[in-house]
Participant: 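Could you have a look at this structure, given as structure tokens, before my questions?
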Amino acid sequence: MMLALASGSFAPAATEPAATAAPRSSLIDTSDRTRIHFRDWGAGRPIVFVSPWGLCSDWWDASVINLSGRGWRCVTFDRRGHARSDDPCQGYDFDTLSDDIAAILDGLDLQNIVLVGHSLGAAEVVRYLTRHRGRRVARAVLIAPTTPFNMKTDDNPGGKSRETLEKTLELLRRDLPRVAAQAAPDFFGSPKNSVSQETMDWWCRMFLDRCSIKVLSELFKIMNETDFRPELRTIRTPTLILQGEIDKSTPLELHGRPTHELIAGSQMIVYENAAHGLPYTHTDRMLADIVAFAGA
């Protein structure tokens, strides 16, 4: 509402309006004009978190609250098609997803980064390191990675058959609420890890409310069908792999350990009684290991 001043001796002299800084946007445009929502908390050395399949940046809140108060600049973002980012109905491939990471790092002009990816997010980190040659990244952390390859082939007999994966995908498309609810205890490693029903409900709601089944389907396919073995051998960025010993989503012997063996000079830490959701159930230990590795 504007208030008019009556003319007279008490009217203030005309002055130039005070200069104010333009509000900072929380969206960054990618090369195909998809707007990616990010959050940038704290000040100090940057650490960037990439979320798991189907989850948005909310997944990292506990980690960000912890580190942003300890001298770290914490950046999280919603993958395209998730939460507050655009869904362009295309670009659900690892090259484009890694280019989206590049858009965030370049847009914020981050340097000397610790780049952390969980599950599918770890595969996106791998593709960023190989496609963008590790630019701006000093250290990489892969948590319960979906790499190196999840499909059964002649040279990967421990993988899942195409028929099994197709049946799983069909079930996801037909009854995602039930699939998510049934998967939650194994994801968190309950009852070995004490996780409330409310937390598991929150996790399910991210799948159901923050990402379409179409996007989940596209990502499920590339997550399971992409063979990362050749490019893992080319990574030269110092890398840490963190994996839970009771992870049923990406079992240690099929994912974490072979990923570690393929990345020359990488380090691996196995967490006792941790499942796929170790960033939530083992937050303090995970952050301590990441901070120690970052300073190594």
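If you're wondering where the values come from, they're calculated on a predicted model, not measured in any experiment.
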Participant: Just by distance, with hydrogens left out, do T250 and D247 show a side-chain donor and acceptor under 3.5 Å apart?
Facilitator: yes
Participant: Please find out if less than 6.0 Å separates the ring center of F228 from that of F94.
Facilitator: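 For F228 and F94, the ring centres are under 6.0 Å apart.
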Participant: Look at E124 together with R79 and state whether they make a salt bridge at an N to O cut-off of under 4.0 Å.
Facilitator: yes
Participant: Quick check on the hydrophobic clustering: are I113 and V291 connected, directly or via other members, by side-chain heavy-atom contacts under 4.5 Å?
Facilitator: yes
Participant: Using the test ring-ring contact (aromatic ring centres under 6.0 Å, His included), find all partners of Y92 that sit at least two apart in sequence or belong to another chain.
Facilitator: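 Per chain and number, Y92 pairs via ring-ring contact (aromatic ring centres under 6.0 Å, His included) with no residue.
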Participant: Do the side-chain N and O atoms of H132 and D99 include a donor-acceptor pair separated by under 3.5 angstrom?
Facilitator: yes
Participant: Any chance you could measure R133, atom CZ, to I235, atom CD1, to the nearest 0.5 Å?
Facilitator: 14.0 Å
Participant: Can you list everything that forms a side chain to side chain donor-acceptor pair (under 3.5 Å) with D100? Sequence neighbours excluded, please.
Facilitator: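 With sequence neighbours excluded, D100 shows a side chain to side chain donor-acceptor pair (under 3.5 Å) to R80, given in chain and number order.
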Participant: Which class fits the ring pair W60 and H118: parallel under 30°, tilted 30 to 60°, perpendicular over 60°?
Facilitator: perpendicular
Participant: Less than 4.5 Å apart, any side-chain heavy atom of M151 and any of T226?
Facilitator: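 Side chain of M151 against side chain of T226, heavy atoms only: no contact under 4.5 Å found.
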Participant: Quick one: OG1 on T237 to CD1 on I263, what's the gap to the nearest 0.5 Å?
Facilitator: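 One gets 9.0 Å once the value is rounded to the nearest 0.5 Å.
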Participant: Which residue pairs satisfy the salt bridge (charged side-chain N to carboxylate O under 4.0 Å, His left out) criterion with at least one member in residues 271-287, sequence neighbours excluded?
Facilitator: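 Qualifying pairs, neighbours excluded: R285-D289.
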Participant: Answer yes or no: is there a side-chain heavy-atom contact under 4.5 Å between T259 and L262?
Facilitator: no
Participant: Could you check if a side-chain atom of K192 sits within less than 4.5 angstrom of a side-chain atom of I246, using non-hydrogen atoms only?
Facilitator: yes
Participant: Sequence neighbours excluded, which residues qualify as side chain to side chain donor-acceptor pair (under 3.5 Å) partners of H255?
Facilitator: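 By the side chain to side chain donor-acceptor pair (under 3.5 Å) rule, H255 matches N150.
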Participant: According to side chain to side chain contact (heavy atoms under 4.5 Å, CB included), who are the partners of E166, at least two apart in sequence or on a separate chain?
Facilitator: R162
Participant: If you count heavy atoms of other groups shown closer than 6.0 angstrom to CZ of R35, is the number above 12?
Facilitator: no
Participant: Would you please name every residue forming a salt bridge (charged side-chain N to carboxylate O under 4.0 Å, His left out) with K167, sequence neighbours left out?
Facilitator: none
Participant: For S57, which residues count as a side chain to side chain contact (heavy atoms under 4.5 Å, CB included) partner, sequence neighbours excluded?
Facilitator: R39, T76, D78, R84
Participant: In chain order, what residues pass the side chain to side chain contact (heavy atoms under 4.5 Å, CB included) check against L171, with sequence neighbours excluded?
Facilitator: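 Residues passing side chain to side chain contact (heavy atoms under 4.5 Å, CB included) with L171: R174, R178, V179.
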Participant: Give, for atom CG of L115 and atom CD1 of I101, the distance between the pair rounded to the nearest 0.5 Å.
Facilitator: 6.0 Å
Participant: Between K214 and D87, does at least one N-O distance fall below 4.0 Å, as a salt bridge requires?
Facilitator: no
Participant: For F188 and W203, take the angle between the two ring planes, folded into 0 to 90°, and tell me which bin it lands in: parallel under 30, tilted 30 to 60, perpendicular over 60.
Facilitator: perpendicular
Participant: Does D29 have any salt bridge (charged side-chain N to carboxylate O under 4.0 Å, His left out) partners at least two apart in sequence or in another chain, and if so, which?
Facilitator: none
Participant: Go through the structure and list residues passing ring-ring contact (aromatic ring centres under 6.0 Å, His included) with F149, not counting sequence neighbours.
Facilitator: none
Participant: Indicate yes or no: at least one non-hydrogen side-chain atom of V116 is less than 4.5 angstrom from one of V48.
Facilitator: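 The answer is no, as the side chains (C-beta and beyond) never meet within the 4.5 Å cut-off.
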Participant: Mind checking side chain to side chain donor-acceptor pair (under 3.5 Å) for S190 and listing every partner two or more places apart, or none if nothing turns up?
Facilitator: none
Participant: Could you walk me through whether K221 and L169 pass the side chain to side chain contact (heavy atoms under 4.5 Å, CB included) test, one step at a time?
Facilitator: CA-CA 8 Å; K221 288 190 287 186; L169 182 56; 3.9 Å; yes
Participant: Assert yes or no for the condition that the ring centre distance of F187 to W53 is strictly below 6.0 Å.
Facilitator: no
Participant: Could I get the full list of side chain to side chain donor-acceptor pair (under 3.5 Å) partners for R257, not counting sequence neighbours?
Facilitator: E253
